[in-house]
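Working notes, beginning with the structure itself.
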Amino acid sequence: MPKQELIEIPKPLDQLTATEIERKACIGKIMTYTLKSLSTTFVNKGFQWLLPVALSQSTDPLWPDPGASIEKRIEIDIYGKPVRTTASMIIHKLVAASTAYPKLFILSPNIRIEKAERAKTGKHVYEFTQLDFEVRDATSKDVFALVEEAISTLVKDLKREMKSELTTLCRCDTLKAPKTPFKTYDRVDLEAKYGADWEAGISQETTEPIWVTNIPREFYDFEDFKTGKWDNYDLFLPQFGEVLSGAKREFEYAKILKKIERDQVKKENYALILKMAKEGRLKPTAGGGIGMERLVGWIAGVKHIAETQPFPRVPGTVNEL
Ligand code: ATP
Ligand code: ASP
Ligand code: MG
């Protein structure tokens, strides 16, 4: 990613020049191709495609997360009950994968009112879409293999079928189909090498996508209380940064309760998960979520991921559309 001060804020559609409209159209075609390719891979592997929801009592706490920067949480009352806009569908995924949908994915709109100072990171918008997936009885390794196949197939096919768009975006030569399997690093080793800003350090240095495991964060990711290690992962893209977060999940009542209390997350917002876990109805699952604007932004080589959005959602900026 270029230096923050060099990043221009993407403009709304009505303010684009003819050349900018051509570029926008190319990125739009790459988004369409990417959605088609990824959804086909998941459907062909037997995943159920669920439609998303926008308002729920329970959503992702986004806490504790070392990267979280939320300015405001949206909560309103409907029918006399408080509901929140979807931050991610993680809680829905755990319940759905434990019951009627053992393999599922959702193109899920997430609202996260990021602090306005994130306008020029180039990686944050305040509304985005995750391709969020979850699989019952899966391991981290199963998820790695699934995602590696999905992304390498996508890039390989796209390089063959979208040559003209990639040429317009100057990505024809620089976009390489990733080699599988991707390398895996432990966050502890990266911290020792690069310090606190290990995410930027490894993203700049690597020439291939890489997995990073063992990242302390929200209660639903699996933590081994004996070793203190977390069975979770992020996928980092070269010269870009994080594009996916996921984990093997907690499903045991005592552990979930202990972590919710430890994190000082409101227990009443997670009553259903706690009840299902207590009754033994929450199953072991693993999954993750791919940020679509980030993935397509990396493929297209954009300076700001809001360029992949028809209606840009740049932190701190509200347009009419
Ligand atoms: P970051 O640390 O980069 O701010 P995060 O770790 O807080 O992101 P997650 O909660 O892991 O984000 O969200 C899952 C995925 O959704 C991320 O890997 C990313 O691809 C995408 N994502 C998260 N926040 C944003 C955002 N504000 N804008 C665009 N995509 C996002
Ligand atoms: N989608 C992520 C996951 O599956 C959760 C998140 O959005 O942070 O773990
Ligand atoms: Mg993350």
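Indexing begins at 1, ligand by ligand and atom by atom, following the structure's order. All values below were derived from every heavy atom in this structure, side-chain atoms included, with hydrogens, water molecules and symmetry-related copies excluded.
The shortest N or O to N or O distance between V243 and ligand 1 is under 3.5 Å. Any N or O atom pair closer than 3.5 Å counts here, and D221 shares no such pair with ligand 2. Checked by distance only, ligand 2 and K93 come closer than 3.5 Å through their nitrogen or oxygen atoms. Distances between N or O atoms of L62 and those of ligand 1 include no value under 3.5 Å. The shortest N or O to N or O distance between I305 and ligand 1 is not below 3.5 Å.
R112 NH1, 3.3 Å is the protein heavy atom nearest to atom 13 (O) of ligand 1. Regarding atom 11 (O) of ligand 1, its nearest protein heavy-atom neighbour is S245 OG, 2.8 Å. Annotation: atom 7 (O) of ligand 1 to nearest protein heavy atom, D65 OD2, 3.7 Å. Of the protein's heavy atoms, V125 N, 3.1 Å lies nearest to atom 28 (N) of ligand 1. Among protein heavy atoms, the minimum distance from atom 16 (O) of ligand 1 is reached at F128 CE1, 3.4 Å. Scanning the protein for heavy atoms near atom 6 (C) of ligand 2, the closest one is D60 OD2, 3.5 Å. Nearest to atom 2 (C) of ligand 2 among the protein's heavy atoms is S245 O, 3.6 Å. Atom 7 (O) of ligand 2 has its closest protein heavy atom at Q130 NE2, 2.8 Å.
A salt bridge is absent between E117 and K115: the closest approach of a Lys/Arg side-chain nitrogen to an acidic carboxylate oxygen does not fall below 4.0 angstrom. Ion pair K229/E223 not flagged as a salt bridge, since none of the NZ, NE, NH1 or NH2 atoms sits closer than 4.0 Å to an Asp/Glu carboxylate oxygen. Here K283 does not pair with D137 in a salt bridge; the nearest charged N to carboxylate O distance is not below 4.0 Å.
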For this session: Start with the C-alpha gap between R187 and E191, add the side-chain angles, then the distance that decides, and say whether salt bridge (Lys or Arg N to Asp or Glu O under 4.0 Å) holds.
Result: CA-CA 6 Å; R187 181 258 324 163; E191 259 174 3; 3.2 Å; yes

Problem set entry | Residues E205, K193; criterion salt bridge (Lys or Arg N to Asp or Glu O under 4.0 Å); working and verdict | CA-CA 12 Å; E205 202 168 298; K193 182 164 177 197; 3.3 Å; yes

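No cation-pi contact links K103 to F133, judged by a cut-off of 6.0 Å to the six-membered ring centre and 45° from its axis.
Under 3.5 Å, the side chains of N110 and S108 contain a donor-acceptor pair of N or O atoms. Side-chain contact annotation: E293 with W298, donor-acceptor N/O pair under 3.5 Å absent. Side-chain polar atoms of S58 and N269 form no donor-acceptor pair below 3.5 angstrom. Between the side chains of D60 and Y220, a donor-acceptor pair is found at a separation under 3.5 Å. There is no side-chain donor-acceptor pair under 3.5 Å between T19 and E22. Of the N and O atoms on the side chains of E149 and S152, not one donor lies less than 3.5 Å from an acceptor on the other residue.
The ligand atoms of ligand 2 that sit less than 4.0 angstrom from a heavy atom of R112 are 6 (C), 7 (O), 8 (O). Atoms of ligand 1 lying under 4.0 Å from at least one heavy atom of G291, given by number and element, are 20 (O), 21 (C). Near Y220, meaning under 4.0 Å from any of its heavy atoms, are these atoms of ligand 2: 5 (C), 8 (O). Annotation for ligand 2: atoms under 4.0 Å from non-hydrogen atoms of G289 are 1 (N), 4 (O). The contact set between ligand 2 and G246, taken as ligand atoms under 4.0 Å from a residue heavy atom, comprises 9 (O). Residue D132 approaches ligand 2 through these ligand atoms, each under 4.0 Å from one of its heavy atoms: 1 (N), 4 (O).
The nearest non-hydrogen atom to atom 15 (C) of ligand 1, considering only R217, R294, Q130, comes from Q130. Across the listed options E242, E114, E127, E242 owns the non-hydrogen atom lying nearest to atom 5 (P) of ligand 1. For the residues H124, K123, E293, the heavy atom positioned nearest atom 1 (P) of ligand 1 is part of H124. Considering only non-hydrogen atoms, atom 4 (O) of ligand 2 lies nearest to R249 out of R217, E134, R249.
Aromatic rings from W230 and F222 are positioned such that their centres are separated by 6.0 Å or more.
Nearest heavy-atom pair, R171 versus I299, reported as atom, atom and distance to 0.1 Å: NE-O, 3.0 Å. Closest approach of S203 and G241 over heavy atoms only: OG-CA, 3.4 Å. Across all their heavy atoms, F219 and P61 have their closest contact at CE2-CG, 4.0 Å.
Counting heavy atoms under 4.0 Å from ligand 1, residue E199 does not touch it at all. With a 4.0 Å cut-off on non-hydrogen atoms, S88 touches ligand 2 through its side chain and not its backbone.
The shell of residues lying under 4.0 angstrom from ligand 2, judged by heavy atoms, excludes F133. For the ligand labelled ligand 2, residue K248 lies outside the 4.0 Å heavy-atom shell.
The OG atom of S245 and the OE2 atom of E242 subtend an angle of 80° at the Mg ion (ligand 3), given to the nearest 10 degrees.
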